[in-house]
Structures are given as C-alpha cells and as structure tokens.
Chemist: 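My questions will all concern the structure given below.
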Protein chains: 2
Amino acid sequence: MAEEQQTDRRTYHHGDLRRAVLTAALDVIRADGPSALSLRDLARRAGVSHAAPAHHFKDRAGLLTAVAAEGYDLLARTLADADDLKDAGVRYVRFAVEHPAHFQVMFQPDLYRPDDPELTAARARAAEGLRGQIAGLPAEGRGPDARLAGVAAWSLAHGFATLLLSHNLAGPVGGQDPAEVFRALAGLLFSTDDERHPRDPGGPR
Amino acid sequence: MAEEQQTDRRTYHHGDLRRAVLTAALDVIRADGPSALSLRDLARRAGVSHAAPAHHFKDRAGLLTAVAAEGYDLLARTLADADDLKDAGVRYVRFAVEHPAHFQVMFQPDLYRPDDPELTAARARAAEGLRGQIAGLPAEGRGPDARLAGVAAWSLAHGFATLLLSHNLAGPVGGQDPAEVFRALAGLLFSTDDERHPRDPGGPR
DNA sequence: GGCGCAATCTTGTCAGTGACAAGATGCTTG
DNA sequence: CAAGCATCTTGTCACTGACAAGATTGCGCC
C-alpha cells in the first residue's frame with residue numbers, strides 16, 4: 001500500500017493530497033488514537049514533504065477539525081434516512097462502529113476548532129435529524145418532556161457507542177452485533193410496555 | 001508566579017513530587033485536555049528539573065496510567081456507597097462532573113497502559129459496585145435480561161456524562177444541576193410503570 | 001554516631017515534532 | 001502564451017519525550 005503513495009509519485013503535485021492525508025489520519029487514529037497523530041508521519045505516508053499538509057489544513061487542529069466536520073456530515077446523512085427514533089439510535093451506534101476515528105475526534109472538542117463554520121453547519125444538520133425523530137415520537141412513548149426524552153435517547157446511544165469503542169463492553173456484548181444489542185437496549189427505554197417486557201424476541205418493526 | 005512551588009523550594013528533594021505532578025496534570029487536563037499535557041511543563045510547575053517526573057511515572061503513559069487508576073479508585077469508593085442502581089447512576093454522573101480530568105482519561109485507553117495491575121484492580125472494584133446494584137434490582141424493573149439492564153444503565157449514565165463533559169448538552173440541560181437532570185433520565189429507564197407514565201394508571205407487567 | 005545504600009533529583013543530550021518563512025514548480029485562465 | 005495562483009519543497013527554530021550519567025539526600029543498619 002505504501003508503494004504507490006510513497007515512491008511512485010513522479011509529478012510535483014500530488015493530485016489529491018488533502019484526501020490522502022485525511023484517510024491516512026483516519027487510519028492512524030483508528031489504530032492508535034488521536035494522540036498518535038503526527039503531521040510529519042502523515043506527510044511521509046503520502047510521499048510528500050513534511051510541510052505539504054499544512055497548506056491544506058493549516059495545522060494539527062485544522063486537520064482534526066476537517067475530520068470532525070466530515071464525521072458530522074456522514075452522521076447527518078445517516079440519520080436523515082432513519083425510520084424512527086429507535087432506528088436513528090441503531091444508526092448512531094453503527095456509525096460509531098464503522099467510523100470509529102471520526103467518532104472519537106468528534107466528541108473531543110479540545111482537539112479541534114469547535115467554532116469552525118463548516119463543522120458547526122454539519123453538526124447542526126446532524127442535530128436536526130435527531131430532533132426530527134423525537135418530534136415524531138408518539139406522545140405516550142416519550143414521557144412528559146420531549147426534550148428529556150431526546151437527551152435520554154442520545155445519552156443511551158452515545159454511551160453505548162463510547163463504551164463499545166473504549167473496549168468496555170467486551171464482556172457483556174461478547175461477539176454479538178453491536179447494532180442488534182443496542183436495538184434491545186432501546187427497547188428498554190422507548191417502547192410500548194409489552195415491547196418493554198417482550199415474550200418473543202423477534203420484535204415488531 | 002507560583003513562588004512556593006517554583007522558587008521557594010530550598011531542599012534538594014521536593015517532598016511530595018508525585019502528588020504535585022499528579023495534581024498539576026489534572027489541572028492541565030481539566031483546562032485544555034490530555035493532549036495539552038507536557039511532562040516538562042508539569043516539571044516547571046512543580047519547580048523541579050525536566051527529568052524529575054520520569055522517576056515517579058516512567059513516561060507520559062505512566063503518568064496517565066496513574067491518573068486513570070486514581071480515577072477508578074475514586075469511582076469505586078463513590079459507587080460503593082450507592083443506595084440503588086439509580087443512585088449509582090447519579091453518583092456516576094456526579095463523579096464525572098467533579099473529576100472531569102480523571103473521567104476523560106479513564107475512558108481513553110490509548111492514552112495509558114490498560115494492563116497495569118493497580119489500574120485493573122481499581123477498575124474491577126468499580127465494576128463490582130455496579131454489578132452489585134444490578135443484582136439488587138427488582139425483577140420487574142430490569143426486564144428479561146439482567147446483563148442487558150446493566151449495559152443500559154451504564155450506557156445511559158456514561159453517555160450523559162460524556163455528552164455533558166464534551167459540552168454537547170449546554171442547550172437541553174441549561175444551567176440545571178446535571179445530577180438532578182440525570183435522575184429524571186434514569187426515571188425513564190428503570191422504574192415502575194406508573195413512574196414512567198405519571199398519569200397512565202394501567203400498569204401491565 | 002556514622003557508614004553505605006537506595007531513592008530522589010539534576011544536567012546533558014538526541015531524535016522527533018509543529019509551526020513558520022521563503023523559494024520552486026506547474027496548472028489555469030484570460 | 002504569459003501572468004497569477006495553488007501546490008509543494010527546503011530550511012529553520014523552539015519545544016518535547018526519552019534516556020544516560022552524575023549529584024544530593026534521607027534512611028536503615030551496624
């Protein structure tokens with residue numbers, strides 16, 4: 001994988017350095033966490049000089065801002081297609097599992113610039129998706145305070161995803177599909193009461 | 001500027017350098033996150049030479065391992081006094097709010113050495129506290145699978161705490177006491193059904 | 001009391017890093 | 001085809017973590 005990027009580049013310009021650095025960064029973060037990120041290392045992986053990435057991302061915080069923004073954008077697109085609140089939660093968890101590097105960075109605001117316009121826009125889009133699903137909840141299913149229900153749903157999904165990524169649920173969920181486990185969890189929170197104490201696990205849709 | 005720590009130390013030995021470096025580290029993490037940690041900066045704050053901390057913590061990972069271990073120990077002590085599962089959740093959230101630096105480090109295993117014996121012991125103690133509260137749950141309150149109920153409770157508390165610390169709940173919870181807000185959240189998850197639907201009289205089981 | 005040892009701290013050093021400045025290269029557009 | 005600009009390179013500086021070797025001191029033990 002290193003060949004093409006490191007040595008085969010004969011042109012002065014890389015072609016798509018921004019994307020190359022971003023994906024390399026995601027690889028490193030997924031493997032060793034954001035603290036293992038080194039701009040110079042990313043430059044080496046892309047086969048360019050040590051100062052090349054700075055032109056696309058300004059500095060380290062800029063790179064991580066781009067990662068977070070891309071993450072919020074991906075999340076927003078995922079949530080936009082959700083059927084209901086439970087499905088949105090499942091998608092939230094699936095997003096975290098499939099894009100762990102994005103997810104990790106998104107929720108460590110000290111790593112990037114939280115006031116970046118592109119990032120805040122993407123984050124607003126993601127939040128809008130969640131808000132919509134909460135508004136669509138049946139009145140009996142969400143308790144007295146819709147805002148509280150939203151915080152509860154988000155907390156449950158976010159906590160499950162975070163614990164999963166920090167390897168704290170290896171015991172309880174074992175080798176099962178995280179999204180399916182979370183579907184069961186969500187059933188405990190928001191559901192009709194018979195769904196809450198189910199007789200048959202092959203639940204309704 | 002920091003007279004006592006920087007200049008007034010007349011003895012060759014610091015006295016309690018380990019504690020001094022640890023608290024300085026917690027200050028920095030609370031203010032700017034773990035990525036802003038610099039061993040040399042901590043040494044300066046403690047008024048010792050740049051290599052002094054290494055003798056107590058070996059390296060950066062060693063320092064953060066000590067922080068995480070101390071965090072798990074504090075958490076275990078807090079959870080040990082809990083009345084029930086809901087109270088344990090409230091204490092979990094309160095711990096995160098009162099010890100944000102510990103909490104942040106604890107759940108970023110890539111920052112420290114997760115197999116450190118002292119740390120794993122403290123973590124086991126904390127987990128034991130949670131497990132005990134789950135076992136004490138009334139059968140109707142926890143659904144069909146106790147393990148699932150535990151994951152749900154932990155996820156809810158952990159997600160709420162994490163979102164809180166990453167400044168993602170500034171809008172919804174406003175200036176309210178986080179612990180109280182969480183108490184309401186916990187009411188949505190585990191409760192008798194009439195507590196869950198305050199007006200709804202029919203409590204099927 | 002004092003000797004020796006180990007813990008603690010200091011000084012010195014090296015490679016790696018982020019950030020910045022100034023120059024080289026080549027695409028693009030008028 | 002020439003000017004302009006985005007892209008990339010080379011060079012540099014202060015800072016950092018890690019390690020090695022020496023200085024200082026507290027402490028147990030005779």
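Since we're looking at a predicted model, the values are computed, not measured. Order of the sequence lines sets the chain letters (A, B, ...), proteins ahead of strands, with each chain counted from 1.
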Chemist: Test of understanding: with side-chain hydrogen bond (donor to acceptor under 3.5 Å, both in side chains), list the residues that count as partners of B:R91, not counting sequence neighbours.
Modeler: B:D87
Chemist: From the set D:dT9, D:dT16, D:dC8, return the single nucleotide nearest to any side-chain atom of A:S49.
Modeler: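 My answer, after comparing the listed nucleotides, is D:dT9.
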Chemist: Could you pull out all residues at least two apart from A:E98 that satisfy salt bridge (charged side-chain N to carboxylate O under 4.0 Å, His left out)?
Modeler: none
Chemist: On DNA chain C, nearest-nucleotide positions of B:P53 versus B:R40: which is more 5'?
Modeler: B:P53
Chemist: Rounded to the nearest angstrom, tell me the gap between atom CG in A:L39 and atom P in C:dC20.
Modeler: 12 Å
Chemist: Please name all residues satisfying salt bridge (charged side-chain N to carboxylate O under 4.0 Å, His left out) with B:D84, sequence neighbours left out, ordered by chain then number.
Modeler: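 B:D84 satisfies salt bridge (charged side-chain N to carboxylate O under 4.0 Å, His left out) with no other residue.
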Chemist: Using heavy atoms and a sub-4.0 Å distance, could you list which residues of residues 26-37 of chain B are near DNA chain D? By number, please.
Modeler: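 Those residues are B:L37.
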Chemist: Take atom CG of B:D41 and atom C1' of C:dT17, then tell me their distance rounded to the nearest Å.
Modeler: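 After rounding, the reported distance stands at 17 Å.
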Chemist: Could you list the residues that satisfy side-chain contact (heavy atoms from CB on, under 4.5 Å) with A:N168, not counting sequence neighbours?
Modeler: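 Partners of A:N168 under the side-chain contact (heavy atoms from CB on, under 4.5 Å) test: A:L163, A:S166, B:Y72, B:F107, B:W154.
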Chemist: Can a side chain N or O of A:R44 be found less than 4.0 Å away from OP1 or OP2 on C:dT17?
Modeler: yes
Chemist: Taking only the side-chain nitrogens and oxygens of A:S38, find out if one of them lies under 4.0 Å from OP1 or OP2 of C:dG18.
Modeler: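 Affirmative; the distance criterion is met.
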Chemist: Residues from residues 55-69 of chain A sitting under 4.0 Å of DNA chain C, heavy atoms only?
Modeler: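 Heavy-atom cutoff 4.0 Å gives A:K58, A:D59, A:R60.
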Chemist: In chain order, what residues pass the side-chain hydrogen bond (donor to acceptor under 3.5 Å, both in side chains) check against B:D177, with sequence neighbours excluded?
Modeler: none
Chemist: Which nucleotide in the set C:dT17, D:dA18, D:dT12 lies at the smallest distance from any side-chain heavy atom of B:H50?
Modeler: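 Side chain of B:H50 sits closest to D:dA18.
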Chemist: With ring centroids as reference points, do A:F95 and A:H99 lie under 6.0 angstrom apart?
Modeler: yes
Chemist: Kindly write out the residues that satisfy side-chain hydrogen bond (donor to acceptor under 3.5 Å, both in side chains) with B:R40, not counting sequence neighbours, or none if the list is empty.
Modeler: none
Chemist: What pairs of residues pass the salt bridge (charged side-chain N to carboxylate O under 4.0 Å, His left out) test when at least one of them lies in residues 107-119 of chain B, not counting sequence neighbours?
Modeler: B:D59-B:R113
